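The figures here come from the full heavy-atom set of this structure, side chains too, leaving out hydrogens, waters and symmetry mates. If you read the sequence from its start, that first residue is 1, and numbering goes on from there. Bear in mind the structure is a predicted one, so any value in this text is a computation, not a measurement.
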Amino acid sequence: ATSIIIFAARLTREIGPARVSLYALRMVVQSPIDAVPSVALGASDVNLLEMTAAYATLASGGIYHAPTFVSRITDRFGNTVAAFYPEDTGQEALSASSAYTVVDMMRGAVEYGTATRIRSMVGLGEYDFAAKTGTTQESADGWFIMMHPEMVVGSWVGWNDRRVSFRSDWWGQGGHSALYLVGDFARRLSRAGDPTVRLAKTRFREPAGYVEPLPLDMQYDDQWYDRTQCRELDNADGCDTPGAGQDGRAERPEAGRIEW
């Protein structure tokens, strides 16, 4: 929520960069994602369409849908001339429980983290949003992607030439730049006169049988991590670990350190 990336770096070290790249591939990120430790810091370039489609996978309960660029065409009287719908029925990229956990975590960015301006300055305080701000080194790019149960919107601000950057680190942060583009669009939708396009005040729903993950032990030396998501990767190497309970979560020892 507050963009402390050390936790992403530690998690990547725990599960391995290759698994991070695999999840990106499952959400159909087509740009090459290098399986290196710095992948946790966003070292690989992706485009806005890929990022928005990946976040839409999280918002839709782990189901990936190929983006549709034009949904409908209307004439000047509002009559629909043509309508377009996704050709696929969607494919599961990750479990509904994992997707909801990430969405719930990203709610924190809007409630108390780097995206609070969506509520305080844009004035969208009654909606269930989850979001992520993004900033590249030397303030060359700013990102912001926001999820709603019925919509995902992303924005990127910057330059193709990275030698050109924002005039300060403050403006280079996605929460101070790209956020306003998404916020203005969402605000316009919230005030739309047409109820078919007006932003609804729906909420993300927990999947059936959802169990909230236990808080991670912040003492990293204990290495007590929720590993249930390993099952999604067909029980990849490292999931069947000594001391693992029946639910796939490592049993916490009374003292000492777990050796995987």
Side-chain angles (χ1 to χ4, degrees), residues 3 5 8-9 11-12 15-71 84-96 98-103 105-106 109-110 114-115 118 129-162 172-175 177-183 185-186 204 229 232-233:
S3 290
I5 58 178
L11 181 60
T12 299
I15 67 175
R19 186 164 293 165
V20 176
S21 299
L22 179 58
Y23 268 106
L25 181 63
R26 291 178 64 158
M27 290 191 282
V28 197
V29 175
Q30 298 180 351
S31 297
I33 304 295
D34 297 328
V36 295
S38 59
V39 69
L41 311 181
S44 298
D45 288 335
V46 296
N47 60 54
L48 180 60
L49 178 61
E50 291 174 321
M51 288 291 288
T52 307
Y55 275 70
T57 301
L58 297 172
S60 63
I63 305 299
Y64 170 83
H65 295 276
T68 301
F69 289 93
V70 179
S71 59
F84 307 91
Y85 303 95
E87 297 180 356
D88 64 345
T89 57
Q91 63 186 51
E92 184 178 15
L94 66 164
S95 71
S98 294
Y100 181 80
T101 297
V102 176
V103 169
M105 178 178 64
M106 290 188 175
V110 177
T114 57
I118 284 292
F129 291 135
K132 181 69 179 73
T133 58
T135 307
T136 59
Q137 63 188 43
E138 299 179 353
S139 303
D141 302 285
W143 295 77
F144 185 70
I145 299 180
M146 186 172 72
M147 295 178 285
H148 176 269
E150 299 179 357
M151 176 188 69
V152 176
V153 186
S155 63
W156 166 82
V157 293
W159 291 265
N160 291 330
D161 188 339
R162 292 187 178 178
Q173 297 175 24
S177 52
L179 178 147
Y180 293 104
L181 301 178
V182 173
F185 178 74
F204 290 103
Q229 285 77 10
E232 299 173 11
L233 300 178

Exercise. May I have the step-by-step check of side-chain contact (heavy atoms from CB on, under 4.5 Å) for Met146 and Ile118, ending in yes or no?
Key: CA-CA 10 Å; Met146 186 172 72; Ile118 284 292; 3.9 Å; yes
Evaluate the side-chain proximity of [Y] to [X]: yes if any heavy-atom separation is below 4.5 Å, no if none is.
X: Val39; Y: Ile33; answer: yes
X: Tyr23; Y: Ile15; answer: no
X: Thr12; Y: Leu41; answer: no

Grab the two heavy atoms, one from [X] and one from [Y], that are nearest each other, plus how far apart they are.
X: Pro37; Y: Pro17; result: N-CG, 3.8 Å
X: Ser177; Y: Gly142; result: OG-CA, 4.3 Å
X: Gln30; Y: Glu50; result: N-OE2, 2.9 Å
X: Gly62; Y: Ala99; result: N-CB, 3.4 Å
X: Ala8; Y: Ala40; result: O-CB, 3.6 Å

Practice problem: Could you note down all residue pairs passing salt bridge (charged side-chain N to carboxylate O under 4.0 Å, His left out) where residues 33-48 supplies at least one of them, sequence neighbours left out? | Solution: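 Of all non-adjacent pairs touching residues 33-48, those that pass salt bridge (charged side-chain N to carboxylate O under 4.0 Å, His left out) are Asp45-Arg162.
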Quiz item: salt bridge (charged side-chain N to carboxylate O under 4.0 Å, His left out): which pairs involve residues 60-70, sequence neighbours left out?
Solution: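 Salt bridge (charged side-chain N to carboxylate O under 4.0 Å, His left out) check on residues 60-70 returns no pairs.
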Exercise. May I have the step-by-step check of side-chain contact (heavy atoms from CB on, under 4.5 Å) for Thr57 and Leu94, ending in yes or no?
Key: CA-CA 9 Å; Thr57 301; Leu94 66 164; 4.0 Å; yes
Quiz item: Backbone N or O of Ile63 within a donor-acceptor pair of the Ser60 side chain at under 3.5 Å?
Solution: yes
Quiz item: Can any side-chain N or O of Thr133 pair as donor or acceptor with the backbone N or O of Phe144 at less than 3.5 Å?
Solution: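 Answer holds: no.
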Quiz prompt | side chain to side chain donor-acceptor pair (under 3.5 Å) evaluation trace for Thr114 with Gln173 | solution = CA-CA 9 Å; Thr114 57; Gln173 297 175 24; over 6 Å; no
Go through the structure and list residues passing side-chain contact (heavy atoms from CB on, under 4.5 Å) with [X], not counting sequence neighbours.
X: Pro32; value: none
X: Val153; value: Met151, Val182, Phe185
X: Tyr180; value: Arg117, Met121

Self-check item: Selection residues 140-155 - residue pairs positive for side-chain hydrogen bond (donor to acceptor under 3.5 Å, both in side chains), sequence neighbours left out
Solution: Thr136-Asp141, Asp141-Trp156
Quiz prompt | Distance in Å, Tyr55 OH paired with Met27 CE, rounded so as to fall on 0.5 Å steps | solution =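 Result: 9.0 Å between the selected atoms.
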